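Presented below is the structure to which this report refers.
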Amino acid sequence: MRTAAQVTVESVIKHFVTDAGIVRAVNGISLCVAPGSSLAITGPSGCGKSTLLSMIGGLEAPSQGTVAIGDQVVSELGDEDRARLRRRQIGFVFQSHNLQPFLTAQENVSVSLALDARTDGYERSLELLAGLGLGGAVGKYPDQLSGGERQRVAVARALVHRPRLILADEPTGSLDADNSVAVIDLLKEAQIEVGATLIVITHDAAVAERLDHQIRLRDGQVVQDFDQPTLSTGDGVRV
Amino acid sequence: MGPLLHVQGLSKSYTEAAVETRVLDGAGFELARGETASLVGSSGAGKSTLLAILAGLMLPDSGNVYFDGQDVAAMDETARAGLRARRIGVVLQNDNLIPFLTAAENVELAIKLAGGDRPGPRATAILGELGLGDRLKDLPRRLSGGEGQRASLAVALANQPDLLLADEVTAELDSANAERVLDVILGASRERGLTVLMVTHSLELSDRTERRLRVVDGGVIET
């Protein structure tokens, strides 16, 4: 089993230039997420949650500060290395499942492995889909699946390469309450099974409570740490 | 040699709030190898439904689609997946790129899923042809709507398919980029016999294809 990744965010700032001027979407956040733990990031729309997650996953570069996954400083990697890191070490789940409409569930799940020319994609994707209760859906297209089923396929796609880190941006945002709890429990179980660290953005308190730790953002900063005070440091959140 | 695509008696209905709407009602047409055709019709006429059935994404209630003489519905799933991966390229209205893969990785993935060789150089070449040579390493979120649409077209053309099915592929593009995209598609038809069926609302675009098909009253007519 691969080792879960520690995530270290140091004094990260991300600003965007807009017509209205410079907007600091993330304004000096530091936090450290212990390997194998799970963290919920909550906060109102526009508070910087998705931007922070994007920087952790190497989808965006910070304007200042550093993000490290294990001992790799993501923001110092070149394009190729960052792409490889995303593909091999991180599993992404988004609110919109982003499944390919002309690929079957099985094909959608195995894309990360196919890109790395791995030959075990077929078996691994079947095993995962069966484990997620989708054994009968392997040959179906996204349009033939319910919303909850599509999101479970997206979860399987995020897990197929046994990532060290799972990043989920509102993974239950388009689901009803029952499906939301089911998907978040699947993510937690899978996180333990593959031995990964899990970070989830959510608006849903019931979802956040199912994770080990929570932080809340507002205006690009951490404003509330739901953990025991002894776990927090003066210059960041240690969970 | 028969037509590449032979569509016969396709019917498809949707039921919503106990009201049945018949979108396609016995639609049929043929496309010869290397032909280019636009598919026009009013909104809701059934153009996208027809395209989805031809792409194998949706099953008709009745009727048949023959691709290169083979009844697509009679194929097993492996054969149908192979057909889609290697012989049919599909571009839908949304860009359908995988968000955590770069533009080049999205194209390389399509080549690898089809078992193709030299995925890197081929992805670079097709993205370059579509004016995205400086966007290879960009993630879809960094691409404009038009760039994302062109990257999707690169995915669809990456395996040199026999048939391209495209839904409003130039809708989000400015005129210069729409021209560029059309040049690539029609050039592929001239040079290597790509057969093309493009859904469009644009009369200018439909003037550029050899045939114009119209979906009307559930059927397909030549206009």
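We name chains A, B, ... by the order of the sequence lines, and we start the count at 1 in each one. Computed from a prediction, not measured in an experiment: that's the story for all the values here.
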Would you find more than 12 non-hydrogen atoms of other residues, nucleotides or ligands less than 6.0 Å from Glu80(A) atom CD? no
To check you understand the geometry: which heavy-atom pair defines the closest contact between Leu92(B) and Pro101(A), and what is its length? CD1-CG, 3.4 Å
If you count heavy atoms of other groups shown closer than 6.0 angstrom to CG of Asp71(A), is the number above 12? no
When the 4.5 angstrom heavy-atom criterion is applied to Arg157(A) and chain B, the contacting part is side chain
Atom CG of Asp116(A) with >12 non-hydrogen neighbours under 6.0 angstrom: yes
Determine which residues belonging to residues 98-128 of chain B lie within contact range of chain A, meaning some heavy atom pair is under 4.5 Å apart, and list them by number or answer 'none'. Ile98(B), Pro99(B), Phe100(B), Leu101(B), Thr102(B), Glu105(B), Glu108(B), Leu109(B), Lys112(B), Leu113(B)
Euclidean distance, Arg141(B) CZ relative to Glu60(A) CD, rounded to 0.5 Å: 5.0 Å
Does Glu16(B), at its CD atom, have more than 12 non-hydrogen atoms belonging to other residues, nucleotides or ligands within less than 6.0 Å? no
Let me know if Leu103(A) has heavy atoms under 4.5 Å from chain B in its side chain, its backbone, both or neither. side chain
Quick one: OG1 on Thr104(A) to CZ on Arg80(B), what's the gap to the nearest 0.5 Å? 11.0 Å
